[in-house]
Structures are given as structure tokens and as C-alpha cells.
2 protein chains.
Amino acid sequence: MKGYSYRTGEHEPTTSLPLWEALVTDAVGDVIEFWGFKRNHGRVWALLYIRDQAMNSRQLCDSLELSKGAVSMITRDLEDWGIVKRVRPPESSAWHFVAEVEFMKMITHVLKRREGKLISRVQTDLDDARRLAEEADGTSEETLERIDRMRRLAGMMRQAIGIFTKTARFDVSDTRDLL
Amino acid sequence: MKGYSYRTGEHEPTTSLPLWEALVTDAVGDVIEFWGFKRNHGRVWALLYIRDQAMNSRQLCDSLELSKGAVSMITRDLEDWGIVKRVRPPESSAWHFVAEVEFMKMITHVLKRREGKLISRVQTDLDDARRLAEEADGTSEETLERIDRMRRLAGMMRQAIGIFTKTARFDVSDTRDLL
DNA sequence: TTTGTTGTTTAAAACATCTTGAACACCCGA
DNA sequence: TCGGGTGTTCAAGATGTTTTAAACAACAAA
């Protein structure tokens, strides 16, 4: 987990951006990285959100010092997750991007997919383990009980994530949603 | 996020362990990796838990095919987090390890530390950004409002994690806790 | 003290992940 | 059809993380 230039000196200062914008984009980048996404996903979304205007690929490259390829991949992800919209302004031939306000959509969306895949596989494997342990000689009742506890743990974990994603359903679209 | 040998073939089969034990340890390893820890933290804890007996460093090395150094570091982490206890059986000169049952302690403990550090830094940086943006010429009221929304978002995030860690306080110690 | 066993530390290797930059594809207008 | 600007892909490079293996420290028994 990385820090950012203003406070920690870990990153090169982002020269082309006013300091306050760099602070905001880097802060969002750090938060999003904490959740297992890429730092630059957060930085791109944050810049679009804070500017509140459509920006094209070149502008994003320059502002955030990313390569063309990186911007292409990142914007595609953000678009897939539904937190950035791609628009073609009449006066321009280039695609522009605008931020959707449902920031938490991103987190909950991918979090759900990830945990869904993982937990279901874990559950089937623990089911298999229990069956195999039962068939094996000399497996005590206590051991089977411990496997069962882990199986229930997997179920509980799914539940916990569900509660979390429900809690995080708020977004930055309306002040009233926030506290 | 990696899979494990039985189902996905991504890992070498763990030869020295019965298949069902490998399934259990790898499953727990995957779950724990999902939460941002090391896969082997989960594997070591799971083996100790499922065996329900003290094991020494060498046994852990052999069973899970880890190096001496890795086991040393992993058990130290688990001990620090309070989910493994170090005991010295009278008949042996080597340290042995036993699993504590509060599995969720590990997740909530480190999760809290991580989010605490992160969110507080993010908040101060967003505060700074707001101040700087206010001082800068030509910053619109709307822009300041957007920064404020992000600041509130940071606060909300802290709240959400709090709720999650409360929810996850259950453990595998007692069946009644699970569902 | 010497020897053997166990535990810890750490630099480097192995591994995984992210970013870049060049090649290519696409789309318009001339 | 050509040329210029734009967008995408992907192999290679850069970066970050985890594991290993060797050196060392601590300790106990002989």
C-alpha cells in the first residue's frame, strides 16, 4: 500500500496538476487500492469527478502521467464497472469520459464478483474434503466437526460481505446520503 | 488470486498431506489471501486447527512444503495476531504451535489497523486539498462541494468497515455462533 | 567447550502484478 | 485511397511482493 507525494514523498510530485487536485486524486487512488483495485483506477475516476467535465484520453495521460495504453485499459475497466461514461462531443472526434457519481458501485460490483467465485469454490472443496475425510479410516468425529465449522464459516463470510456491500451502497451523488 | 491443485491444477499437489487436509488448508489459504494476507498464513493456521494438536516447525515445513524461514516468519505473524499460541511441551526441546479458535480475530485485527492508518491520512489530505482549493483563484463553489462529498465518503467508509468488523466478530469456537 | 538442534534474519531469487511503448486497427475528412 | 488523429492490444520491461537458502544466534546436552 503506497502513500503519496505530498505527505510521504513516496511518489514523484505530479507536476502538471495543481497540488490540491493531486491530493484528491492520490487520496482516492489510495482508498481504491486498499480495496484491491489499481491505484490508477481511483485516480482517473477522481479527476473526472473533481473536474466535473468530460476529458479525453490525451488529457488524462497528461494530467495523471499515464501512458496511452494504461488510460485505454483503465477507462475500459471503469466503463465496464459503470462508474465512467464514454461520450463523443459533437465538436470533437475523440472519445471523452465523464464520471458517474456512484463511486461505491465499483467497489461493491467487483467485490461481489470476487467473493462469489471464491466462496462457492471454497464451499465445494470443503464439501469434498468432508466426504473424503469421512471415507478415510480413523477420522474422528471431532475432526469432522471441525471441518463442518469451517464450512459454516465460509457461509458466514458470504453473509458478512453481503452486509458490507449493503452498507456501502451510498454514493457521492447526493449530500443527504452521506451521514 | 490463486486457485489450488485439486480443482484448478494451478498448484503442485501437496504430496505429504492427505488430500482432504490439503483441500481444507488450501481453501482457508485462499480465503485468507482474499482478505489481503498471505496464503500461507491461512494454510498454517488451518492445519493446526484441523489437526487439533501442537505441531513444531519441522512438521509444518514438511506438511506444507515451506522453508524453515517461512515457517518462522509466518508463525511469528500468527502469534502476533493472537490466533496461534506457542507452547513448549515438556518432552520436546522444540517450540510447538497450537491454533486459537478465534479465526476472525486475525482478519478484524489487521483490517482495523490498515484502515485506521489509511483513512486518517486520507482525511487529513482531503482537508488540506480543500483548504488549498479554497485559497486558489477561480475555484467554484461546486468544486468545493465535491471535495466535501469525498471527505464525507471517507468518513462513511470508516463506518462501513466498523460495521463489517463487528459482524465478523464470530469465530469457529462455538457452533452456535455460526448461523 | 564442542556438537547438534532449533529459531531468526536477510539478501537474493522466484514470482506476481502493473505499466509502458510500439504495432496495429479504426474512423473520418480530404 | 490516403493521411492524420485516435483507440486497443500485448510482449517486454519495471516494479512490488513472497519465498528461499544460507549465515548466524541461542540453547542444551555431552
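Both backbone and side-chain heavy atoms feed into the values below; hydrogens, waters and symmetry mates do not. If you're wondering where the values come from, they're calculated on a predicted model, not measured in any experiment.
Going from atom CZ of B:F37 over to atom P of D:dT18 covers 12 Å, rounded to whole Å. Rounded to a whole Å, the CZ atom of B:R39 is 16 Å from the C1' atom of D:dT17. Look at CD on B:Q59: it is 16 Å from P on C:dT5, rounded to the nearest Å. Computed from coordinates, the A:F97 CZ to D:dT6 P distance equals 13 Å when rounded to whole Å. Counting to the nearest Å, the C1' atom of D:dT8 and the CZ atom of A:R86 are 10 Å from each other. Between B:D30 atom CG and C:dA16 atom P there is a gap of 13 Å when expressed in whole angstrom units.
As a member of the Ile/Leu/Val/Met/Phe/Trp/Tyr network built from side-chain separations under 4.5 Å, B:V98 groups with B:V87. Chaining together hydrophobic side chains whose heavy atoms lie under 4.5 Å apart leaves A:M73 on its own.
Among pairs with a residue in residues 85-98 of chain B, those fulfilling salt bridge (charged side-chain N to carboxylate O under 4.0 Å, His left out) read B:E79-B:R86, at least two apart in sequence or across chains.
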Protein N or O to nucleotides 20-28 of chain D N or O, pairs below 3.5 Å:
| unit_1 | atom_1 | unit_2 | atom_2 | d |
| --- | --- | --- | --- | --- |
| D:dT20 | OP2 | B:S67 | N | 3.1 |
| D:dT20 | OP2 | B:S67 | OG | 3.3 |

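With a 4.5 Å cut-off on side-chain heavy atoms, B:T143 and A:W20 count as touching. No side-chain heavy atom of A:V84 sits under 4.5 Å from any side-chain heavy atom of A:V44.
Stem regions for DNA chain C, each three or more consecutive Watson-Crick or G-U pairs with both distances under 3.5 Å and listed by first number, read C:1-30 with D:1-30.
Closest to the A:S72 side chain, of the nucleotides D:dG7, C:dG7, D:dT8, is D:dT8.
Between A:R58 and D:dT6, a side-chain N or O to OP1/OP2 separation shorter than 4.0 Å is present.
The residues B:E134 and B:R130 are annotated as salt-bridged, a charged nitrogen and a carboxylate oxygen being separated by less than 4.0 angstrom. A:R152 and A:E145 are joined by a salt bridge, as a carboxylate oxygen and a charged side-chain nitrogen come within less than 4.0 angstrom of each other.
Using the six-membered ring where Trp is involved, A:H41 and A:F37 have ring planes that are perpendicular, over 60° apart on the 30 and 60° scheme.
Partners of B:R146 by salt bridge (charged side-chain N to carboxylate O under 4.0 Å, His left out), not counting sequence neighbours, listed by chain and number: A:D52.
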